[in-house]
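Throughout, a chain's letter reflects where its sequence line sits, starting with A, and its residues are numbered from 1.
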Protein chains: 2
Amino acid sequence: MTRQNTQNKILDAAERLFAERGFADTSLRLITSEADVNLASVNYHFGSKKALIKAVLARYLEQFMPKLSEELQKLLQAEQAPTLHQVFDSFVEPMLALNNFRSNGTNIFMQLLGRGYSDSQGHLRWFMTTQYGEVLQQITLAVKRANPALSASEFFWRMHFTLGTVVFTLASNEALRDIARVDFEEDIDVEGLVRRLVPFLAAGVGAPILPAFAMKEAL
Amino acid sequence: MTRQNTQNKILDAAERLFAERGFADTSLRLITSEADVNLASVNYHFGSKKALIKAVLARYLEQFMPKLSEELQKLLQAEQAPTLHQVFDSFVEPMLALNNFRSNGTNIFMQLLGRGYSDSQGHLRWFMTTQYGEVLQQITLAVKRANPALSASEFFWRMHFTLGTVVFTLASNEALRDIARVDFEEDIDVEGLVRRLVPFLAAGVGAPILPAFAMKEAL
DNA sequence: ACAAAATTCAAACAGGTGTTTCAAATCTAT
DNA sequence: ATAGATTTGAAACACCTGTTTGAATTTTGT
């Protein structure tokens, strides 16, 4: 029973520190001292720092991904094509549900997501392609149904623009909310932030295609 | 005359390596060995690694910012309000002009911009607020004229969504273009990428405001 | 209660970082 | 040409990193 205790103490401290400071800037010594365990125990229980990072991400993705998949399935099973707004909206509830899984969970997951992509590239990408490829395909399918006018290439770029908006916003959400709080006394919560993203992204992905590029495609 | 030579050798090697690997992952030993100068010379000529990073960024910003400011001024002086598309379009030419300043300059600057924001937060932000505050205000003014419906808070958030899209896309533009090249044999150049961002951002910033948030604002 | 397995612990390892030092070399003026 | 300032060079400094080691401890199954 001590095993679980130590492992979880490490995971809890690590996820908090990773979210606050990023993966690279969080040393094992800091994690283990905050978790009140021995330095060697992270290598003993997880093998390496990389494996610890994956374990931290996995704990959240296991909660988030099935719920997201379910939401997308609802849209895909409906007879009429979804709107882009609906597609992006289906991310919101699974995101907010993380607050039930762990206190402040939505916020931590958002920052982990941001870090996971921008820090040492690869960790998050690894999960997406190897573990959750089907969900990725559901997303693709839903967006394509919502906006069939997009060519393969335009779709690719706009999805990455979207990813960038999300990753950046999530990674720096606490800093941004701090600024907003002092600049115009608006105390926005995580939910408000997530919900504000939806119309922005839906409009961006649904934007008309420049004639110049449309022509290029036709060649 | 040897001074300039060494300093520039360092700057040239540093900007390339910073763009490729980020600031944190580029050691002074790597920079000085590629520049073929002594390790100590970067501390001698620039004082510290932080100061070197600032010097690298400054060289590009000095080229870019006045041109951007000029483009924005054109829009602001016109009688009728600009469109969002026009506002974001005014970034494109100054961006592309960097290829005349230095070979592959646009691409390097884009990656530096991305790194400068997501890496060790602060460097780029320092320039923006202390050195180029007026340009920042021009941007603000132009966007507000193009979309007066935005409240201060909605404006703030959408500008940061925009920043996120740009920073992320620029930082990973080489990787993304590589994927695009193999996935659907489309060899997009930097210009094509920058131009594709414009309609996405214009649509996002111009998206209708959710009734829920519009109500909140009215309180 | 005891033997065996699992876990914790303090310490050291091997390698990396930015920065400093101070003598040697080079350039710059008189 | 020579004295003085500037620049280069090799080495060391102080500190931090993830990982490994091997003995001490605790937990587990019988």
Side-chain angles (χ1 to χ4, degrees), chain A residues 1-59 112 115-116 118-124 126, chain B residues 1-59 112 115-116 118-124 126:
Chain A
M1 194 120 317
T2 55
R3 169 178 0 160
Q4 269 214 0
N5 230 323
T6 299
Q7 276 188 335
N8 283 340
K9 278 204 284 185
I10 292 174
L11 284 173
D12 291 346
E15 77 170 28
R16 184 172 54 77
L17 292 167
F18 284 155
E20 281 173 9
R21 318 157 43 96
F23 300 122
D25 278 355
T26 304
S27 69
L28 294 184
R29 280 168 180 80
L30 181 57
I31 294 171
T32 52
S33 86
E34 297 247 335
D36 204 38
V37 300
N38 188 272
L39 167 61
S41 57
V42 44
N43 282 286
Y44 176 76
H45 285 291
F46 296 94
S48 68
K49 186 183 179 181
K50 272 193 179 181
L52 173 61
I53 295 176
K54 279 193 182 172
V56 167
L57 283 172
R59 241 185 0 169
L112 287 179
R115 307 287 195 181
S118 41
D119 258 31
S120 65
Q121 72 271 26
H123 290 305
L124 203 67
W126 178 87
Chain B
M1 196 121 314
T2 54
R3 168 176 0 156
Q4 270 212 3
N5 228 323
T6 300
Q7 276 188 337
N8 283 340
K9 279 205 284 185
I10 293 174
L11 285 173
D12 291 345
E15 78 171 26
R16 184 173 54 78
L17 291 168
F18 284 155
E20 280 173 11
R21 320 157 42 95
F23 301 121
D25 278 356
T26 304
S27 69
L28 293 184
R29 282 168 179 80
L30 181 58
I31 294 172
T32 52
S33 86
E34 298 245 335
D36 204 37
V37 300
N38 188 271
L39 166 61
S41 57
V42 44
N43 282 285
Y44 176 76
H45 285 290
F46 296 94
S48 67
K49 186 182 180 181
K50 272 193 179 179
L52 173 61
I53 295 176
K54 278 192 183 173
V56 167
L57 284 171
R59 243 190 353 174
L112 287 178
R115 306 288 194 181
S118 41
D119 257 31
S120 66
Q121 71 273 25
H123 290 304
L124 204 68
W126 179 86

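With rounding to whole Å, A:Lys49 atom NZ is found 15 Å from D:dT20 atom P. In this entry the distance linking CD1 of A:Ile10 with C1' of D:dG18 reads 14 Å, nearest Å. The CG-C1' distance, from A:Asp25 to C:dG16, rounds to 15 Å in whole Å. Atom C1' of nucleotide D:dT8 and atom NZ of B:Lys9 are separated by 11 Å, given to the nearest angstrom. Rounded to an integer number of Å, the gap from B:Lys50 NZ to C:dT19 C1' is 14 Å.
For B:Asn43, the side-chain contact (heavy atoms from CB on, under 4.5 Å) partners two or more places apart in sequence, or in a different chain, are B:Leu28. Here A:Ala14 pairs with A:Phe18, A:Ile31, A:Leu52, A:Val56 under the side-chain contact (heavy atoms from CB on, under 4.5 Å) rule; sequence neighbours left out.
A heavy-atom distance below 4.0 Å to DNA chain C is reached by these residues of residues 28-44 of chain A, ordered by number: A:Arg29, A:Asn38, A:Ala40, A:Tyr44.
In terms of phosphate contacts, A:Thr6 brings a side-chain nitrogen or oxygen within less than 4.0 Å of OP1 or OP2 of C:dT8. OP1 or OP2 of C:dT8 has at least one side-chain nitrogen or oxygen of A:His45 nearer than 4.0 Å.
Counting heavy atoms from C-beta on, the side chains of A:Val37 and A:Gln7 never come closer than 4.5 Å. Looking at heavy atoms from C-beta onward, A:Phe23 lies in side-chain contact with A:Leu112 at the 4.5 angstrom threshold.
Annotation: the span from A:Glu34 atom CD to A:Arg29 atom CZ amounts to 15.0 Å, rounded to 0.5 Å. If you take CG on A:Leu11 and OG1 on A:Thr6, they are separated by 11.0 Å, rounding to the nearest 0.5 Å.
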